Amino acid sequence: MRIFLTGGAGYIGSHTLLEVLSAAHEVCVYDDYSNSAPAALARVEQLTNRKFKTVTGDIRDQVSLATALTEFKPDVVVHFAGKKAVGESVEKPLMYYENNVSGTLSLLRAMEAAGCNRIVFSSSATVYGEPQYLPLDENHPLSATNPYGQTKLMVEHILRDWCTARDQASAVLLRYFNPVGAHDSGMIGEDPNDIPNNLMPFVSQVAVGRRETLQVFGSDYDTPDGTGVRDYIHVVDLAKAHAAAIVYAAAHKGCEAINVGTGQGSSVLDVVRAFEKASGRSIPYTMAPRRPGDVAALYAQPDKARTLLGWDAERDLADMCVSAWKWQSQNPDGYGD
Ligand code: NAD
Ligand code: WQD
């Protein structure tokens, strides 16, 4: 098939690109490199020994995007492009609504012009808001606690309405839990621009000596060790879920939301211990107050992905830490400048 990846140079996009090329699809990556580097694409080319098309552009640039889509004529679009920092979204909500919501509207218009009716969308477990029960299944009520979460919810609604209005349309909303880790080669991985907001990249930077101490946000939660519990999902498993979702979208019509998680919760201290084991380094940490907006525990009911996509997570927390460490230690400065 012909697959168009918006944001394909980013963390999850580059890992998915590798899987999609390995599955012998033809690919076009559309990215403005606002949060990524072309070096990631060069490394995927090297790893797969396959060529693919790239277009540099912003998804909000309707003309550029429509031209790229009309020329490439994709069977399926996988839509990663967007902003993803929760704190930044509170400070700059308009930037988030413009990139994530207006950007998606621009994409759907361009897809219609190019006659493409199938989309796989990067949604997030953040659409469940404060958990009312665990594990979180896809029928859990939806809500948003910040502008970033709002954009994911709004796009989910837009895609559902788009499918209702178009007989031939198909949308798969993949609700990722906490993606971490890197490709086994250690050649591609997560490369945050500033101080990492997320736990795993922060822990890796402490292990490699780029930062001194991890702050553990909250030690008095109602969890087995008092620290926050999350469902960490290996980025390679997540990439494989996209490959399965592409096949599903090509064979089905309508809109489906599907969790992508392991179903297993790990605490902050579980992650610290697993990373120490994987790296052979100690991770100094201090207990700090809870981070505003955080919940005690979040983990997925992953059965729907198994039933609809035939996909299951295969990698555990140790695999996630080993691969994250390989990427971090081989590339202490990420992709560099
Ligand atoms: P990322 O920032 O590494 O990748 C996003 C890519 O999109 C980057 O290459 C960036 O340059 C590009 N991009 C951003 N805005 C663009 C625009 N207007 N036009 C063209 N390209 C643009 O992020 P990621 O972690 O790979 O996340 C990918 C998607 O998955 C995002 O939509 C994110 O919200 C979603 N998601 C991520 C996580 C996570 O924890 N990483 C969890 C749930 C959902
Ligand atoms: C995990 C745990 C923290 C950093 C976020 C977004 C979510 C989704 C994934 C996009 C929590 C603790 C963290 C640190 C810590 N992204 N922590 N010290 O908050 O579950 O989810 O990323 O859709 O929308 O909100 O992930 O990695 O930030 O935190 O103790 O320096 O680690 O309190 O318990 P989170 P995270």
Side-chain angles (χ1 to χ4, degrees), residues 5-17 29-38 40-41 55-61 64-65 78-87 89 95-96 98-100 102-104 106-107 121-128 144-146 148-149 151-152 155 174-180 189-193 195-203 205-206 211 213-219 221 223 227-233 235 238-239 242 260-261 265-272 285-299:
L5 305 181
T6 74
Y11 171 47
I12 301 166
S14 56
H15 287 83
T16 302
L17 170 65
V29 170
Y30 187 95
D31 204 303
D32 66 357
Y33 305 111
S34 52
N35 196 36
S36 56
L41 299 180
V55 177
T56 305
D58 188 316
I59 51 167
R60 294 165 296 172
D61 181 342
S64 156
L65 187 59
V78 187
H79 181 30
F80 299 102
K83 301 250 147 225
K84 63 167 181 177
V86 172
S89 81
M95 184 168 100
Y96 274 70
E98 268 169 22
N99 260 283
N100 296 4
S102 301
T104 303
S106 158
L107 175 63
F121 171 61
S122 297
S123 190
S124 166
T126 192
V127 298
Y128 295 122
T145 51
N146 55 67
Y148 168 73
T151 68
K152 291 294 172 192
V155 171
L174 293 181
R175 293 179 180 156
Y176 314 159
F177 279 67
N178 288 59
V180 297
E190 187 170 14
D191 184 17
N193 271 338
I195 301 174
N197 297 308
N198 297 114
L199 178 64
M200 185 70 91
F202 200 102
V203 166
Q205 293 193 3
V206 173
R211 309 205 177 268
T213 313
L214 169 75
Q215 286 192 299
V216 176
F217 298 141
S219 50
Y221 283 114
T223 59
T227 67
V229 166
R230 296 292 183 273
D231 186 339
Y232 297 95
I233 170 87
V235 68
L238 179 56
H242 286 81
V260 190
S266 304
S267 73
V268 176
L269 294 181
D270 289 336
V271 171
V272 169
Y285 64 84
T286 55
M287 295 303 188
R290 293 181 180 193
R291 188 172 63 178
D294 272 358
V295 299
L298 253 180
Y299 47 92

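Since the structure is predicted, the reported quantities are computational estimates derived from the model, not experimental observations. Numbers here simply count residues along the sequence, with the first being 1. Numbering of ligands and ligand atoms starts at 1, following listing order.
The line from CG of Leu199 to CG of Asn178 is 9.0 Å long, rounded to the nearest 0.5 Å. Atom CG of Asn99 sits about 9.5 Å away from atom OG1 of Thr151, to the nearest 0.5 Å. From Arg60, atom CZ reaches atom CG of Asn100 across 9.5 Å, with rounding to the nearest 0.5 Å. How far OH of Tyr221 is from OG1 of Thr227: 9.5 Å, rounded to the nearest 0.5 Å. To the nearest 0.5 angstrom, Arg175 atom CZ is 12.0 Å from Lys152 atom NZ.
Closest approach of Lys83 to Met95, counting heavy atoms only: CD-CE, 3.6 Å. Annotation for Ala40 and Ser14: closest pair CB-CB, 4.4 Å, computed over non-hydrogen atoms. The shortest heavy-atom contact between Ile59 and Thr104 is CD1-N, 4.4 Å. For the pair Ser106 and Leu65, the tightest heavy-atom approach, listed with the atom from each and the gap, is OG-CD2, 3.7 Å.
Nearest non-hydrogen protein atom to atom 10 (C) of ligand 1 is Asp31 OD1, 3.5 Å. The single protein non-hydrogen atom nearest to atom 26 (O) of ligand 1 is Ile12 N, 2.8 Å, given as residue, atom name and distance. Atom 24 (P) of ligand 1 has as its closest protein heavy atom Lys84 NZ, 3.7 Å. The shortest contact between atom 28 (C) of ligand 1 and any protein heavy atom is with Phe80 O, 3.6 Å. Of the protein's non-hydrogen atoms, the one nearest atom 2 (O) of ligand 1 is Asn35 ND2, 2.6 Å. Taking atom 3 (O) of ligand 1 as the reference point, the nearest protein heavy-atom neighbour is Tyr11 N, 2.9 Å. Protein heavy atom in closest approach to atom 5 (C) of ligand 1: Gly82 O, 4.0 Å.
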Note to self: I'd like to know whether His242 forms a side chain to side chain contact (heavy atoms under 4.5 Å, CB included) with Val260, so could you lay out the CA-CA distance, the side-chain angles of the two residues, the decisive distance to 0.1 Å, and finally the verdict.
What the structure shows: CA-CA 10 Å; His242 286 81; Val260 190; over 6 Å; no

Next item on the list: For side chain to side chain contact (heavy atoms under 4.5 Å, CB included), just list the numbers for Asn197 and Phe202, CA-CA rounded to whole Å, side-chain angles, deciding distance to a tenth of an Å, and then say yes or no.
Entry: CA-CA 7 Å; Asn197 297 308; Phe202 200 102; over 6 Å; no

Next item on the list: Step by step, work out the side chain to side chain contact (heavy atoms under 4.5 Å, CB included) result for Tyr285 and Leu269.
Entry: CA-CA 10 Å; Tyr285 64 84; Leu269 294 181; 3.7 Å; yes

Margin query: Please determine whether side chain to side chain contact (heavy atoms under 4.5 Å, CB included) holds for the pair Ser122 and Ile12, giving the CA-CA distance in whole Å, both sets of side-chain angles, and the decisive distance to 0.1 Å.
Written below: CA-CA 9 Å; Ser122 297; Ile12 301 166; 5.8 Å; no

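In the vicinity of Ser122, heavy-atom distances shorter than 4.0 Å reach the ligand 1 atoms 29 (C), 30 (O), 32 (O), 35 (C). Within ligand 1, counting atoms from 1 as listed, the ones closer than 4.0 Å to a heavy atom of Tyr33 are 11 (O). If you number the atoms of ligand 1 from 1 as listed, the ones under 4.0 Å from a heavy atom of Asp58 come out as 17 (C), 18 (N), 19 (N), 20 (C).
The aromatic rings of Phe121 and His79 sit tilted relative to each other, their planes meeting at an angle between 30° and 60°. Relative ring orientation between Tyr148 and Tyr96 is described as perpendicular, the plane-to-plane angle rising above 60° on a 0-90° scale split at 30° and 60°.
On a distance-only criterion, Tyr30 and ligand 1 share no N/O pair closer than 3.5 Å. At a 3.5 angstrom cut-off on N or O pairs, Pro179 does not count as close to ligand 1. For ligand 1, the polar-atom distance check finds no N/O of Tyr176 at less than 3.5 Å from any of the ligand's N/O atoms. At a 3.5 angstrom cut-off on N or O pairs, Gly10 counts as close to ligand 1. Considering backbone and side-chain N/O of Asn99, one or more are found under 3.5 Å from N/O of ligand 1. The shortest N or O to N or O distance between Ile59 and ligand 1 is under 3.5 Å. At a 3.5 angstrom cut-off on N or O pairs, Ala9 does not count as close to ligand 1.
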May I have every N or O pair linking ligand 2 to the protein at under 3.5 Å, one per line with atom names and distance?
{"residue": "ligand 2", "atom": "18 (N)", "partner": "Gln215", "partner atom": "O", "Å": "2.7"}
{"residue": "ligand 2", "atom": "19 (O)", "partner": "Arg291", "partner atom": "NH2", "Å": "2.8"}
{"residue": "ligand 2", "atom": "20 (O)", "partner": "Asn178", "partner atom": "ND2", "Å": "3.0"}
{"residue": "ligand 2", "atom": "20 (O)", "partner": "Arg230", "partner atom": "NE", "Å": "2.6"}
{"residue": "ligand 2", "atom": "22 (O)", "partner": "Asn198", "partner atom": "ND2", "Å": "3.1"}
{"residue": "ligand 2", "atom": "23 (O)", "partner": "Ser124", "partner atom": "OG", "Å": "2.8"}
{"residue": "ligand 2", "atom": "23 (O)", "partner": "Tyr148", "partner atom": "OH", "Å": "2.6"}
{"residue": "ligand 2", "atom": "26 (O)", "partner": "Asn178", "partner atom": "ND2", "Å": "3.1"}
{"residue": "ligand 2", "atom": "27 (O)", "partner": "Asn198", "partner atom": "ND2", "Å": "3.4"}
{"residue": "ligand 2", "atom": "27 (O)", "partner": "Leu199", "partner atom": "N", "Å": "2.8"}
{"residue": "ligand 2", "atom": "28 (O)", "partner": "Asn197", "partner atom": "O", "Å": "3.4"}
{"residue": "ligand 2", "atom": "28 (O)", "partner": "Asn198", "partner atom": "ND2", "Å": "3.1"}
{"residue": "ligand 2", "atom": "28 (O)", "partner": "Arg291", "partner atom": "NH1", "Å": "3.3"}
{"residue": "ligand 2", "atom": "28 (O)", "partner": "Arg291", "partner atom": "NH2", "Å": "2.9"}
{"residue": "ligand 2", "atom": "29 (O)", "partner": "Arg291", "partner atom": "NH2", "Å": "3.4"}
{"residue": "ligand 2", "atom": "30 (O)", "partner": "Gln215", "partner atom": "O", "Å": "3.4"}
{"residue": "ligand 2", "atom": "30 (O)", "partner": "Phe217", "partner atom": "N", "Å": "2.8"}
{"residue": "ligand 2", "atom": "33 (O)", "partner": "Asp294", "partner atom": "OD2", "Å": "2.6"}

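Residue-level proximity to ligand 1 for Asp32 is carried by backbone and side chain together, each with a heavy atom below 4.0 angstrom. Under 4.0 angstrom from ligand 1, the non-hydrogen atoms of Tyr148 all belong to its side chain. Contact annotation for His79 and ligand 1: no heavy atom of the residue comes within less than 4.0 Å of the ligand. Of all the heavy atoms of Ser123, the ones lying under 4.0 Å from any atom of ligand 1 belong exclusively to the backbone.
In this structure, Gly103 does not count as a contact residue of ligand 1, since none of its heavy atoms falls inside 4.0 Å of the ligand. Heavy-atom separations between Gly8 and ligand 1 are all 4.0 Å or longer.
The environment of Tyr33 atom OH is dense: over 12 non-hydrogen atoms of other residues, nucleotides or ligands sit within 6.0 angstrom.
Considering only non-hydrogen atoms, atom 20 (C) of ligand 1 lies nearest to Gly57 out of Ser106, Gly57, Ser89.
Remark: aromatic rings of His15 and Phe80 are distant, center separation not under 6.0 Å.
Looking at residues two or more places apart in sequence or on another chain, you find no side-chain hydrogen bond (donor to acceptor under 3.5 Å, both in side chains) involving Arg230.
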